[in-house]
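Reading through the structure tokens given below for one structure.
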Amino acid sequence: MKVVWIAAGCAGLGGLALYAALALTPALDIVKARSTAVPAHGVVATVNGTPLYLRQLEALADINAPTVAAAHNLSLEELRADYAANLNQLIVQALVRQELDERGLRVGDDETTRLESLISAGYKQSPGADFTPFIEDAGIAPDLWREQLRARLELERWQKELSSNTPVGEGEVEAYIAAHPEVRDIPERVEYLLLSGKDRETLEKALRTALKDDQALRDKGFDARRLRHALTGAPDVWHADLARMNEGQASAIRQVGTGWQCLILLRRHAARARTPVELYAHVEALLAEQKLPAAFDEWLTRAIMRADIRIAEPLLPANVTRPAPRPLPSPPPATGEEEDAQDDLADEGTA
């Protein structure tokens, strides 16, 4: 049984997760000269004295692996390179956690539990002990899986902190508004509950509760998420429903992929012009978000320069090289019929 990383459709890191995971790879060249083998048994690195253990690295590699088969087909050199990349991610996580601790911004256990509840609801389980067997079935130690949930929230919090402290000049805001006049208006928005289940009967039961609160529905074991966005940004399968539904109304139950879904429209927000204060704050936030990757990179470089990072010798950046991709097998020689078909397609493409 595969435990999903995060409930389908939850955005979260906004595309910066991959950046944060990979950004440390070149940055580690700064410290490789003073990184030394870690003598302690089972420790692959230390960050300012905090140990990172082999079991943490193995768990993260399992979580990040696209499939079990893909992991089993790696060569020794590829496996070492993958472990080094995952170790980089663990080091970033350690640096972020230490930064938050210094600033009194630690992520609480209740926040991690709320995130787990979003995932466990998809399995009709409560977070904690009830959900632990599902994590174990995926072959991952529950404590390490929950540690990665916390790391996700910590990265989100630190990115938000960085973004809020990224300076944006008044001239930048005015120039952006002049180049993008559409930001003056707030498009029509919809706020709704998305209910998901493995069968139609589950959703029918959820609708019969007459509940219109996502947490109350989750407390009863249903997979419910509250979403709010522009009507134009609604998924294609639901756009027509959301355009005509009344507030409080439920949509028809539909099969979507391998599961079933329905909506409950909570509120419709009419399109309107932003006030000057709203417009400035909105554009300022947009520009700060655009500057976030550079701000994160700048912070990360400074954090590495002042940190004491020690990495086990086999995983030092200088000792890990990603092998060249394996060549694809040559296609079989084309038959005469295949050549004729290819010629016909070429003719159509140039007609």
Side-chain angles (χ1 to χ4, degrees), residues 5-7 10-28 30-31 35 38 43-53 55-57 59-61 63-64 85-119 127-128 135 140-168 284-311:
W5 164 241
I6 185 64
C10 292
L13 295 183
L16 284 173
L18 180 62
Y19 174 82
L22 300 180
L24 191 56
T25 304
L28 276 175
I30 300 171
V31 298
S35 297
V38 181
V43 176
V44 291
T46 60
V47 180
N48 295 321
T50 299
L52 301 177
Y53 294 97
R55 65 187 297 264
Q56 292 175 276
L57 181 57
L60 184 58
I63 291 172
N64 288 338
N86 283 291
L87 178 59
N88 290 350
Q89 190 172 345
L90 284 177
I91 293 173
V92 172
Q93 292 173 358
L95 291 170
V96 168
R97 182 168 298 170
Q98 291 171 6
E99 186 78 39
L100 291 176
D101 285 347
E102 290 177 9
R103 294 169 179 259
L105 297 173
R106 180 190 294 264
V107 170
D109 292 341
D110 57 331
E111 297 171 90
T112 307
T113 300
R114 280 199 298 271
L115 179 56
E116 182 178 338
S117 70
L118 290 175
I119 304 170
I135 305 172
I140 301 172
D143 63 320
L144 299 180
W145 184 82
R146 292 184 172 106
E147 180 183 277
Q148 285 305 307
L149 290 188
R150 184 182 298 275
R152 172 196 174 93
L153 292 172
E154 288 170 339
L155 181 57
E156 286 180 340
R157 177 163 295 178
W158 180 232
Q159 289 172 344
K160 183 177 181 180
E161 183 73 9
L162 278 175
S163 182
S164 66
N165 288 288
T166 299
V168 176
E284 186 179 38
L286 285 177
L287 293 174
E289 184 178 351
Q290 291 178 5
K291 294 182 176 185
L292 182 54
F296 186 91
D297 187 60
E298 182 181 346
W299 164 79
L300 184 58
T301 300
R302 291 197 309 269
I304 290 172
M305 290 297 293
R306 65 173 181 262
D308 177 18
I309 301 174
R310 299 178 182 273
I311 303 172

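Here the straight-line distance linking atom OG1 of Thr46 with atom CD1 of Ile309 works out to 8.5 Å at 0.5 Å rounding. We find the OG1-CG distance between Thr112 and Asp110 to be 8.0 Å, quoted to the nearest 0.5 Å. With values rounded to the nearest 0.5 angstrom, Leu60 atom CG is found 4.5 Å from Gln89 atom CD. Considering CD of Gln56 and CG of Asn86, their distance stands at 12.0 Å, rounded to 0.5 Å. Rounding to the nearest 0.5 Å gives a distance of 11.0 Å between OG1 of Thr301 and CZ of Arg306.
The salt bridge (charged side-chain N to carboxylate O under 4.0 Å, His left out) search around Glu116 returns Arg146, not counting sequence neighbours. Applying the salt bridge (charged side-chain N to carboxylate O under 4.0 Å, His left out) rule to Glu111 yields the partners Arg157; only residues at least two apart in sequence or on another chain are considered. Annotation: ring-ring contact (aromatic ring centres under 6.0 Å, His included) contacts of Trp158 (sequence neighbours excluded): Trp299.
In this structure a side-chain-to-backbone donor-acceptor pair under 3.5 Å is present from Ser117 to Arg114. The backbone N or O of Leu162 lies less than 3.5 Å from a partner atom in the side chain of Thr166, making a donor-acceptor pair.
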Evaluate the criterion side-chain contact (heavy atoms from CB on, under 4.5 Å) for residue pair Gln148 and Ile140; output intermediate values, then yes/no. CA-CA 11 Å; Gln148 285 305 307; Ile140 301 172; over 6 Å; no
Verify side-chain contact (heavy atoms from CB on, under 4.5 Å) between Leu153 and Leu149, making sure each step is shown before the conclusion. CA-CA 7 Å; Leu153 292 172; Leu149 290 188; 5.8 Å; no
In sequence, state the C-alpha distance, the side-chain angles, and the governing distance for Arg55 and Asp143, and then conclude on side-chain contact (heavy atoms from CB on, under 4.5 Å). CA-CA 11 Å; Arg55 65 187 297 264; Asp143 63 320; 3.2 Å; yes
From CA spacing to verdict: salt bridge (Lys or Arg N to Asp or Glu O under 4.0 Å), Glu156, Lys160: CA-CA 6 Å; Glu156 286 180 340; Lys160 183 177 181 180; over 6 Å; no
Pair Tyr53, Leu144 - check side-chain contact (heavy atoms from CB on, under 4.5 Å), show working. CA-CA 11 Å; Tyr53 294 97; Leu144 299 180; over 6 Å; no
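Scanning all heavy atoms of the two residues, the minimum distance from Ser163 to Leu292 falls at N-CD1, 4.1 Å. Pairing each heavy atom of Ala307 with each of Leu95, the nearest pair is CB-CD2, 4.1 Å. The shortest heavy-atom contact between Val168 and Ala288 is CG2-N, 3.9 Å. The heavy-atom pair separating Asn165 from Glu161 by the smallest distance is ND2-O, 2.8 Å. Contact between Ile311 and Leu87 at its shortest, heavy atoms only, is CG2-CD2, 3.7 Å.
Salt bridge present: Glu298 and Arg302 bring a charged side-chain N and a carboxylate O closer than 4.0 Å. Salt-bridge annotation for Asp101 and Arg97: absent, with no side-chain N of the basic residue lying under 4.0 Å from a carboxylate O of the acidic one. Glu154 and Arg150 are not joined by a salt bridge, as no carboxylate oxygen comes within less than 4.0 angstrom of a charged side-chain nitrogen.
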